[in-house]
Amino acid sequence: STETLDAEGEITATSDVRPTAEAIRAVLPRFIGDVEQIPPKYSAIKIDGKRAYDLARAGVAVEMKTRIVRIDGIRLDGLSDGVASLSVDCGKGTYVRSLMRDICEALGAEGHVSRLRRTRVGPFTEQQSFTLDALSALCDSAAASRALLPLSRALDDIPVRRVSEDEAGLLKQGRMVGEPLHTQDTEWVLCVSNGTPIALCQPRDGGLAPKRVFNI
């Protein structure tokens with residue numbers, strides 16, 4: 001195990017325990033569903049207005065509070081030379097380093113994350129992605145518009161409120177518009193005028209307050 005829960009941190013504990021594939025698969029169901037998790041002290045979480053990793057690097061003792069995270073699936077893909085490869089399907093706010101720490105603890109072993117690769121964010125997969133160099137080359141060849149996905153694709157799971165041109169004008173000025181009753185139970189609402197996204201809003205005081213206005 002390491003101080004940072006990854007390969008960059010100083011070693012804090014060692015063990016000769018090398019779990020079998022069967023033992024690993026046996027404990028994985030414990031970590032599926034709504035799971036309590038303590039984030040790493042080397043993380044970007046703010047404590048009294050300061051990042052936890054800054055406090056940790058300064059030698060300040062910090063207490064990381066438990067939080068509930070959502071894990072929908074964990075699969076063991078391979079096991080070789082003491083390195084287990086796992087695939088995790090999880091919700092936002094999940095720390096994979098903490099998850100691996102807790103799995104190791106359940107197995108009676110010491111361990112850390114040696115490699116981490118994100119393959120999907122929401123509906124967007126690794127196969128759909130471009131490197132920055134590839135995107136730059138597309139821009140140089142004027143092909144970027146054909147390769148890039150529309151803004152609405154990233155917001156397609158957010159409730160939509162169609163607004164008039166007058167309301168769109170208010171939103172662009174940073175002003176609120178009226179809030180329909182069906183938006184009261186949601187955190188975000190996408191306001192659209194004539195098929196064009198105008199602003200990402202939050203319900204507040206009987207109206208919709210623009211938080212992100214789009215210049216499209």
Side-chain angles (χ1 to χ4, degrees), residues 1-47 50-135 147 149 153-154 156-157 187:
S1 296
T2 71
E3 188 177 28
T4 57
L5 309 185
D6 59 21
E8 296 183 0
E10 294 184 9
I11 295 174
T12 57
T14 60
S15 169
D16 292 330
V17 175
R18 296 295 181 269
T20 64
E22 291 74 16
I24 295 172
R25 291 192 182 98
V27 303
L28 294 184
R30 302 185 199 175
F31 301 95
I32 295 176
D34 293 328
V35 179
E36 283 193 354
Q37 185 180 84
I38 300 175
K41 63 180 180 179
Y42 285 88
S43 64
I45 292 174
K46 284 191 174 182
I47 299 175
K50 295 183 179 180
R51 299 291 184 186
Y53 54 66
D54 288 331
L55 295 171
R57 289 167 184 161
V60 178
V62 295
E63 180 182 357
M64 306 303 295
K65 295 182 179 180
T66 299
R67 57 168 60 186
I68 301 295
V69 298
R70 179 71 189 179
I71 300 175
D72 291 315
I74 312 175
R75 182 182 70 243
L76 177 66
D77 293 329
L79 179 63
S80 177
D81 297 326
V83 178
S85 298
L86 300 118
S87 294
V88 179
D89 186 358
C90 61
K92 64 181 181 179
T94 302
Y95 280 94
V96 173
R97 287 177 292 153
S98 293
L99 175 61
M100 295 305 110
R101 172 201 61 203
D102 296 342
I103 290 174
C104 286
E105 182 178 342
L107 290 163
E110 302 293 341
H112 63 269
V113 173
S114 59
R115 180 173 177 266
L116 178 60
R117 182 173 187 141
R118 181 171 292 185
T119 60
R120 180 173 64 86
V121 179
F124 305 107
T125 65
E126 185 180 29
Q127 289 72 27
Q128 296 172 295
S129 64
F130 292 90
T131 64
L132 291 177
D133 288 340
L135 183 58
L149 298 172
R153 180 71 180 277
D156 61 3
D157 61 341
E187 181 180 3

Q.
For Arg75, give me all partners under side-chain contact (heavy atoms from CB on, under 4.5 Å), at least two apart in sequence or on another chain.
A. Asp77, Ser87
Q: Decide whether Asp133 and Thr131 meet the rule of one side-chain donor and one side-chain acceptor closer than 3.5 Å.
A: no
Q) Is a side-chain donor or acceptor of Thr2 paired with a backbone partner of Ala7 at a separation under 3.5 angstrom? A) no
Q | Candidate list Arg57, Arg101, Lys41, Arg97, test salt bridge (charged side-chain N to carboxylate O under 4.0 Å, His left out), partner Glu3, passing option | A | Lys41
**Q.** Partners meeting salt bridge (Lys or Arg N to Asp or Glu O under 4.0 Å) with Asp34 (sequence neighbours left out)
**A.** Arg70
Q. Distance-only, no hydrogens or angles: does the Ser1 side chain make a donor-acceptor pair with backbone N or O of Glu110 under 3.5 Å?
A. no
Q) Under 6.0 Å from the CD atom of Glu10, do we count more than 12 heavy atoms belonging to anything else shown? A) no
Q) For Tyr95, does its backbone N or O pair with a side-chain atom of Gln37 as donor and acceptor, under 3.5 Å? A) yes
Q | Short N-O contact, Arg120 and Asp89, less than 4.0 angstrom | A | yes
Q | Residue that, paired with Thr94, satisfies side chain to side chain contact (heavy atoms under 4.5 Å, CB included) out of Val35, Val88, Val69 | A | Val69
(Q) So for atom CD1, which belongs to Ile11, do other residues, nucleotides or ligands contribute more than 12 heavy atoms lying within a distance under 6.0 Å? (A) no
(Q) With side-chain contact (heavy atoms from CB on, under 4.5 Å) as the criterion, how do Ile38 and Ser98 come out once you've worked through the C-alpha distance, each side chain's angles and the decisive distance to 0.1 Å? (A) CA-CA 7 Å; Ile38 300 175; Ser98 293; 5.7 Å; no
Q: Mind running side-chain contact (heavy atoms from CB on, under 4.5 Å) on Asp102 and Arg30 for me, showing each step along the way?
A: CA-CA 10 Å; Asp102 296 342; Arg30 302 185 199 175; over 6 Å; no
Q) Which residues satisfy the side-chain contact (heavy atoms from CB on, under 4.5 Å) test with Cys104, sequence neighbours excluded? A) none
